[in-house]
Q: 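Quick one: structure below, then a few questions.
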Protein chains: 2
Amino acid sequence: MRITPYGRARTSRQRDTIAEAVELIGAAFTVDDLVCAIRDRRAGAGVATVYRAVSAMEESGWIERVGSREGRALYARCRGGAHHHHAVCTSCGTVLATDCPLEAAALSAEVEHGFTVTAHEVTLYGLCRTCQVSENNAAGDGD
Amino acid sequence: MRITPYGRARTSRQRDTIAEAVELIGAAFTVDDLVCAIRDRRAGAGVATVYRAVSAMEESGWIERVGSREGRALYARCRGGAHHHHAVCTSCGTVLATDCPLEAAALSAEVEHGFTVTAHEVTLYGLCRTCQVSENNAAGDGD
DNA sequence: TACGCAAATGAGAATGATTATCACTTCTCG
DNA sequence: CGAGAAGTGATAATCATTCTCATTTGCGTA
């Protein structure tokens, strides 16, 4: 089963444009990022449409929610497959996938507290290699 | 330095009531939970006041944000001290502290991707021992 | 190819949590 | 006491997200 941006839902000019914008951004994005990105393009889409498209893409597993940024939900292209989590660069938005480190923690919670873990959220924030280099170069520039 | 609910900020009848409500609930809570809890009490407090009190308590380190529930921010009494994370019972709201399992993951992200982790979020959701027992007893009751 | 209808669209209203405003009250401290 | 800083609260404002509903469109089918 091949995963398409919208699963087996209907496609449209707007949804194509939105999916392209996701690919184009290539990093973590908010709904607002998409709205801005497609403003330039000939085939625009209303805010409600973008929200609906994002929901559809999330439902189909093409993207996933990876956290939030300033009160806005943050999404990223889904790598599919195995259970994993995300490292989000707070400077450029790059998203890296990391293995799930919680099997041990979940086990520990179960053993120590009798707590059964049914879900968990993990997101790392920091700087990707590229942005670290930029910051080093910019060091001393002031602001 | 002894941690009080509001740090070195001024206290008041309302803030005392709010802090008491936090203790009374003894589990993860939302601002709305507090508003409801103090409605019964003689010393009420406006919504704005509760929000301000929660901010003050969070700033002083007496409580911490542990996630969100249905779009509302979720808080819990802070255990203070070492870096840790939370296991939130999705049934009763009980909050357990767990050790941070991310040192290995953060290290892995750094080694594999050159990613420097500056912050991270971890929350486990599931059922505490008590609620597991309740669910077992209720099994077969239908809904 | 034409038809029918479920699904998608979009402009704007509605929702709902959180924050800001501002006049007023109440501590704190000299 | 008196001043000023901090807290209060009713309400307006903000802001992301969802809903509404009339209209359009994709797509399977006759």
Side-chain angles (χ1 to χ4, degrees), chain A residues 2 4-22 25 28-60 62-76 93 123, chain B residues 4-22 25 28-60 62-76 93:
Chain A
R2 172 173 268 265
T4 63
Y6 301 99
R8 61 182 163 298
R10 191 182 293 176
T11 183
S12 71
R13 200 159 12 88
Q14 290 89 340
R15 289 195 163 190
D16 286 344
T17 305
I18 293 167
E20 276 172 34
V22 169
I25 292 174
F29 61 89
T30 64
V31 169
D32 191 57
D33 290 338
L34 293 183
V35 171
C36 293
I38 66 180
R39 236 200 287 281
D40 309 336
R41 319 205 141 249
R42 41 229 152 275
V47 178
T49 297
V50 177
Y51 272 100
R52 278 184 292 233
V54 166
S55 289
M57 289 189 286
E58 189 187 8
E59 199 160 333
S60 83
W62 200 68
I63 64 175
E64 39 184 343
R65 201 181 303 232
V66 300
S68 54
R69 181 169 66 204
E70 292 160 26
R72 271 154 285 179
L74 201 58
Y75 299 87
T123 304
Chain B
T4 64
Y6 300 99
R8 61 184 164 297
R10 191 181 292 174
T11 183
S12 71
R13 198 158 13 84
Q14 290 90 339
R15 292 195 163 189
D16 287 344
T17 305
I18 294 167
E20 276 172 34
V22 170
I25 290 175
F29 61 90
T30 64
V31 168
D32 190 58
D33 290 338
L34 294 182
V35 171
C36 294
I38 66 181
R39 236 200 286 281
D40 309 336
R41 319 204 141 248
R42 41 230 153 274
V47 178
T49 299
V50 176
Y51 272 101
R52 278 183 292 234
V54 165
S55 289
M57 289 189 286
E58 189 186 8
E59 199 160 333
S60 83
W62 199 68
I63 64 175
E64 38 185 343
R65 201 181 304 232
V66 300
S68 54
R69 182 169 65 205
E70 293 160 25
R72 271 154 285 180
L74 201 58
Y75 300 87

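Numbers restart at 1 for each chain; the letters A, B, ... are given by sequence-line order, proteins then strands.
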Q: If the sugar-phosphate is the primed atoms plus P, OP1 and OP2 and the base is the rest, what is the B/S/- string for nucleotides 9-22 of chain D, using protein heavy atoms under 4.0 Å?
A: BB-----SBBBB--
Q: Please determine if a side-chain N or O atom of B/S12 lies less than 4.0 Å away from the OP1 or OP2 oxygen of D/dT8.
A: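 Checking B/S12 against D/dT8: at least one side-chain N or O falls below 4.0 Å of OP1 or OP2.
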Q: I need the CG-P distance between A/D16 and D/dT25, as an integer number of Å.
A: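 Rounded to whole Å, this separation is 15 Å.
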Q: Ignoring hydrogens and geometry, is there a side-chain-to-backbone donor-acceptor pair from B/Y75 to B/V54 under 3.5 Å?
A: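 No, because the side chain of B/Y75 does not come within donor-acceptor range (under 3.5 Å) of the backbone of B/V54.
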Q: Nearest 0.5 angstrom please: A/Q14 CD to A/D16 CG, how far?
A: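 One finds 9.0 Å between CD of A/Q14 and CG of A/D16.
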Q: Tell me the interatomic distance from B/D33, atom CG, to C/dA17, atom C1', rounded to whole angstroms.
A: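 Atom CG in B/D33 sits about 13 Å away from atom C1' in C/dA17.
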Q: Is A/T30 reaching over with its side chain to a backbone N or O of A/D33, donor-acceptor style, under 3.5 angstrom?
A: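 Between the backbone of A/D33 and the side chain of A/T30 there is a qualifying donor-acceptor contact (under 3.5 Å).
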Q: Going from CE on A/M57 to CD1 on A/I63, what distance comes out if it is rounded to the nearest 0.5 angstrom?
A: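 It is 4.5 Å, given to the nearest 0.5 Å.
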Q: Pairing of DNA chain C as dot-bracket, 5' to 3': ( ) intra-strand, [ ] crossing, | other strand, . unpaired, with Watson-Crick or G-U pairs under 3.5 Å?
A: ||||||||||||||||||||||||||||||
Q: Return the OG1 to CD1 distance between A/T49 and A/I18, rounded to the nearest 0.5 Å.
A: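 With rounding to 0.5 Å, OG1 (A/T49) is 6.5 Å from CD1 (A/I18).
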Q: Just the rounded figure in Å: distance from P of D/dA5 to CZ of B/R8.
A: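 Distance check: B/R8 CZ to D/dA5 P gives 17 Å.
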Q: Looking at every non-hydrogen atom in both residues, tell me the closest pair between A/A76 and A/A28 and how far apart they are.
A: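 That would be CB-CA, 4.4 Å.
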Q: If you compare all heavy atoms of B/A56 against all heavy atoms of B/R15, which two are closest, and at what distance to 0.1 Å?
A: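 Where B/A56 meets B/R15 most closely, the heavy atoms are CB-NH1, 4.0 Å.
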Q: Tell me, for nucleotides 24-30 of chain C in 5' to 3' order, what letter each nucleotide earns: B for a base near a protein heavy atom under 4.0 Å, S for only sugar-phosphate near one, - for neither?
A: --BB---
Q: Between B/S60 (side chain) and B/T4 (backbone), is there a donor-acceptor pair under 3.5 Å?
A: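 Judged by distance alone, yes, a pair lies under 3.5 Å.
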Q: Kindly compute the distance separating SG (A/C36) from CZ (A/F29), expressed to the nearest 0.5 Å.
A: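 Spacing of SG (A/C36) from CZ (A/F29) equals 13.5 Å.
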Q: Please name the pair of heavy atoms, one in A/R65 and one in A/A73, separated by the smallest distance, quoted to 0.1 Å.
A: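 In this case the closest contact between A/R65 and A/A73 is NH1-CB, 4.1 Å.
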